[in-house]
Amino acid sequence: SVVIGMNAGYGDGSYGYYGNVFVGGAAGYKNTSGESNTYLGNSAGYGNTTGKNNTYSGSSAGQSNSTGENNAFYGAMSGLNNTGSNNVFLGCQAGYKNTGSNNVFIGYYADKTGNYSNKLIISNSNTTSPLIYGEFDNKILQFNANVLPSSTYSSYYGTGNDLGSTDKRWRTLYAGNLNLSDNLTI
């Protein structure tokens with residue numbers, strides 16, 4: 001293991017166990033047999049004891065996760081209280097209180113207070129209506145925004161930026177009812 005910082009890897013005994021990298025004051029502090037972890041930042045991975053294959057970057061990222069595996073938390077306090085596995089949290093306090101598994105949360109405060117598993121949340125605040133919401137287990141993807149084609153859309157399906165009100169694909173999209181059976185490609 002590579003250990004840099006006051007009390008980093010404190011529980012790792014001889015600092016030779018399991019190929020861990022702990023950088024920052026108290027990073028990986030309670031690690032006893034966790035392996036292949038990388039914790040960067042003060043108190044990052046502080047509570048890990050046996051979890052493995054985790055990457056936490058940011059002050060207090062993954063601080064309470066003691067046994068979780070295969071997590072990637074990037075941002076100060078991301079995944080702070082998470083106890084699950086197979087999560088990706090990207091952003092300051094993303095997944096802050098989440099204790100579930102198999103989640104992807106992207107953005108500042110993305111799902112700061114929820115307790116979910118198998119969710120996709122993209123947001124820049126702690127909100128119940130994130131910009132993009134999904135459920136991996138139920139195959140649901142929801143956009144809480146107007147979804148419009150880009151300006152390159154017209155280069156494939158028409159001239160100029162006006163698709164025309166008679167274009168079936170445009171009418172379906174504009175009405176807010178995206179029906180993939182209409183062969184619309186976004």
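If you read the sequence from its start, that first residue is 1, and numbering goes on from there. Since the model is a prediction, treat every value here as computed from it, not as a measurement.
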Task: Least distance between heavy atoms, P130 atom then S123 atom - done: CB-CB, 3.7 Å
Task: Residues L80, F73; criterion side chain to side chain contact (heavy atoms under 4.5 Å, CB included); working and verdict - done: CA-CA 9 Å; L80 180 82; F73 302 157; over 6 Å; no
Open item on the list: I need the S117 OG to N102 CG distance, nearest 0.5 Å.
Closed with: 6.5 Å
Open item on the list: Just so I know, are the side chains of L131 and N144 near enough to count as touching, which here means a heavy-atom distance under 4.5 Å?
Closed with: no
Task: Euclidean distance, K52 NZ relative to N20 CG, rounded to 0.5 Å - done: 12.0 Å
Open item on the list: Tell me the closest heavy-atom pair linking G19 and S1, and the distance in Å.
Closed with: N-OG, 4.0 Å
Task: Pair T99-N115, side-chain donor/acceptor within less than 3.5 Å - done: yes
TODO: Return the minimal non-hydrogen interatomic distance between G51 and N54, and the atom names on each side.
DONE: C-ND2, 3.7 Å
TODO: Check A8 against G24 and note the closest heavy-atom contact, atom names and distance.
DONE: CB-O, 3.3 Å
Open item on the list: Do M77 and Y74 land in one hydrophobic cluster if side-chain heavy atoms of ILVMFWY residues count as linked below 4.5 Å?
Closed with: no
- [ ] Indicate yes or no for a side-chain donor-acceptor contact from N31 to the backbone of G34 under 3.5 Å, with no hydrogens or angles considered.
- [x] yes
TODO: Only pairs at least two apart or in different chains count here, so list each ring pair (Phe, Tyr, Trp, His ring centres under 6.0 Å) that has a residue in residues 108-137.
DONE: none
Open item on the list: Can a side-chain donor-acceptor contact be found between N87 and N71 if the only test is distance below 3.5 angstrom?
Closed with: yes
Task: Donor-acceptor contact below 3.5 Å, side chain S66 vs main chain T49 - done: no
Open item on the list: Going by the rule ring-ring contact (aromatic ring centres under 6.0 Å, His included), which residues pair with F105 if we only count those two or more places apart in sequence or in a different chain?
Closed with: F89
Task: ILVMFWY cluster membership beyond I140 - transitive side-chain contacts under 4.5 angstrom - done: none
Open item on the list: To the nearest 0.5 Å, what is the distance between CG on N7 and NZ on K30?
Closed with: 12.5 Å
TODO: Please check if Y96 and V88 belong to a single hydrophobic cluster, counting links between Ile, Leu, Val, Met, Phe, Trp and Tyr side chain heavy atoms closer than 4.5 Å.
DONE: no
TODO: Supply the atom-to-atom distance S57 OG to L90 CG, rounded to the nearest 0.5 angstrom.
DONE: 10.0 Å
Task: side chain to side chain donor-acceptor pair (under 3.5 Å) partners for N65, two or more places apart - done: N82
TODO: Can you see which heavy atom on S33 is nearest to which on T50, and at what distance?
DONE: OG-CG2, 3.4 Å
TODO: Quick one: pull up OH in Y39 and OH in Y56 and give me the separation to the nearest 0.5 Å.
DONE: 4.5 Å
Open item on the list: Consider side-chain contact (heavy atoms from CB on, under 4.5 Å). Of T113, I121, N103, which one does N98 pass it with?
Closed with: N103
- [ ] Please tell me if the side chains of N81 and K97 come closer than 4.5 Å, counting only heavy atoms from C-beta onward.
- [x] yes
Task: Point-to-point distance, once rounded to the nearest 0.5 Å, from CG of D111 to OG of S78 - done: 12.5 Å
Task: Y46: ring-ring contact (aromatic ring centres under 6.0 Å, His included) partners, not counting sequence neighbours - done: Y29
Task: Heavy-atom closest pair, residues S85 and S101 - done: N-OG, 2.9 Å
- [ ] Only counting residues at least two apart or in another chain, list the ones meeting side chain to side chain contact (heavy atoms under 4.5 Å, CB included) with N42.
- [x] S59
